[in-house]
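Computed from heavy atoms alone, side chains included, the values below leave out hydrogens, waters and symmetry copies. Everything numeric in this text was worked out from a predicted model, so none of it was measured.
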Amino acid sequence: MKVSVALLLLCSLSLSDGQTEVKGLVANGENNQHNIWTEVRDLRDMLVEQRVKLDMAMKENARMNERMKIGETQLNAFKREHAEQPKVAFSADLGIRGNLGPQRTEITLTFNNVFTNIGNNYNPTTGLFTAPVKGVYYFRFTACGVQINQSLGASLYKNGQKIVSVGQWHNHDQHRFASNGAVLQLEVDDVVCMKLLPGYTIYDSPDNLSTFSGFLIYPL
């Protein structure tokens, strides 16, 4: 009788331990499953975040490419515009060694010592600049005089019309200078030149003291 009771108690304890172990396994499985789903959700959120960042980066890259295309288009247009724009510029020295004048009438000065003549629109033989295109031009000139008892003077002409002049009266000291310039709007084939004033002189030397220059600012 005592043996039977002992066996029953032992079986009861064994069953209790088994149920506890099973419950523990089930609990652990549920915890593991919960942890897996948590990790899956975290991974999903991370992927969504990365996708948003990737979309933003692709849009920004597209905007940058568009700006680059616009900049390249503008640069090409600028290059074409300047490639098509005529290149006009000249600078020359009077080229004499000593004094010219005085004369009774105005004479066209021929600046035949040419430094620059881009476009070949200045003729050093005649002293005439002929405008190749309609546009705005700038001209500059300097005259030197050394004769004490003679006056220094020269004028800039456009199509035979006096535009600006420089001059100094006689009884001046050695090596006096006078300069002037003008911005002119010219039509095609308009002519610009320098003339020596009647009764005046101009001087030049190997130092290139009397000069005449001009260039196209922009066409119209």
Side-chain angles (χ1 to χ4, degrees), residues 81-220:
E81 178 183 353
H82 283 262
E84 296 169 358
Q85 180 173 321
K87 309 298 189 297
V88 182
F90 76 93
S91 185
D93 173 65
L94 193 58
I96 64 172
R97 299 299 177 257
N99 293 286
L100 178 62
Q103 307 283 340
R104 292 185 178 181
T105 60
E106 287 182 332
I107 61 171
T108 299
L109 294 171
T110 55
F111 294 80
N112 53 44
N113 182 22
V114 177
F115 308 133
T116 304
N117 195 8
I118 299 173
N120 293 317
N121 303 114
Y122 172 73
N123 188 331
T125 302
T126 62
L128 304 180
F129 170 83
T130 303
V133 295
K134 179 180 180 180
V136 177
Y137 296 76
Y138 178 72
F139 297 93
R140 184 77 180 174
F141 58 92
T142 299
C144 177
V146 296
Q147 293 192 36
I148 296 176
N149 295 322
Q150 295 292 338
S151 298
L152 161 69
S155 298
L156 178 72
Y157 277 72
K158 169 189 172 183
N159 296 333
Q161 178 185 1
K162 185 185 296 184
I163 303 299
V164 293
S165 300
V166 294
Q168 292 184 353
W169 295 105
H170 55 79
N171 296 326
H172 58 72
D173 295 332
Q174 294 275 334
H175 285 83
R176 298 294 296 272
F177 292 88
S179 297
N180 209 338
V183 174
L184 302 178
Q185 180 176 330
L186 303 181
E187 301 291 334
V188 176
D189 293 332
D190 278 352
V191 175
V192 176
C193 67
M194 292 295 303
K195 293 187 177 184
L196 182 65
L197 300 175
Y200 284 70
T201 64
I202 190 170
Y203 172 81
D204 202 5
S205 75
D207 291 326
N208 302 323
L209 303 175
S210 297
T211 59
F212 179 37
S213 304
F215 58 87
L216 173 66
I217 299 176
Y218 55 82
L220 296 175

*Lys195 and Thr108: which non-hydrogen atoms are nearest, and at how many Å?*
CE-OG1, 3.6 Å
*asked:* Can you tell me how far apart CG (Asn113) and OG1 (Thr211) are? Round to the nearest 0.5 Å.
replied: 10.5 Å
*Among residues two or more places apart or on two chains, list those pairs meeting side-chain hydrogen bond (donor to acceptor under 3.5 Å, both in side chains) that have a residue in residues 114-132.*
none
*Any chance you could measure Ile107, atom CD1, to Leu196, atom CG, to the nearest 0.5 Å?*
5.0 Å
*Provide the closest heavy-atom pair for Val114 versus Pro124 in the form atom of the first, atom of the second, distance.*
CG2-CB, 3.7 Å
*To the nearest 0.5 Å, tell me how far Ile163 CD1 sits from Phe139 CZ.*
10.0 Å
*Specify the closest pair of heavy atoms between Pro86 and Leu216, including all atoms of both residues, with the distance to one decimal.*
O-CD2, 3.7 Å
*asked:* Nearest 0.5 angstrom please: Phe141 CZ to Ile202 CD1, how far?
replied: 9.5 Å
_Does anything in residues 103-120 form a salt bridge (Lys or Arg N to Asp or Glu O under 4.0 Å)? List the pairs, not counting sequence neighbours._
Glu106-Lys162
Run the side-chain donor-acceptor check on residues 89-97: report pairs under 3.5 Å with partners two or more places apart or on a different chain.
{"from": "Ser91", "atom 1": "OG", "to": "Ser213", "atom 2": "OG", "distance (Å)": "2.7"}
{"from": "Asp93", "atom 1": "OD2", "to": "Gly95", "atom 2": "N", "distance (Å)": "3.0"}
{"from": "Arg97", "atom 1": "NH1", "to": "Ser205", "atom 2": "O", "distance (Å)": "3.3"}

_Let me confirm one number: the CG-CG distance from Leu184 to Asp190, rounded to the nearest 0.5 Å._
9.0 Å
*Would you confirm whether Lys158, through its side chain, and Gln185, through its main-chain N or O, come within 3.5 Å as a donor-acceptor pair?*
yes
*For Gly127 and Thr110, which heavy atoms make the closest approach, and how far apart are they?*
N-CG2, 3.8 Å
*Tyr137, Tyr157, Tyr138 screened by ring-ring contact (aromatic ring centres under 6.0 Å, His included) with Phe129, the one that passes*: Tyr137
*Which heavy atom of Leu128 sits nearest a heavy atom of Cys193, and at what distance?*
CD2-CB, 3.6 Å
*Rounded distance [0.5 Å steps], CD in Gln103 versus OG1 in Thr201*: 10.5 Å
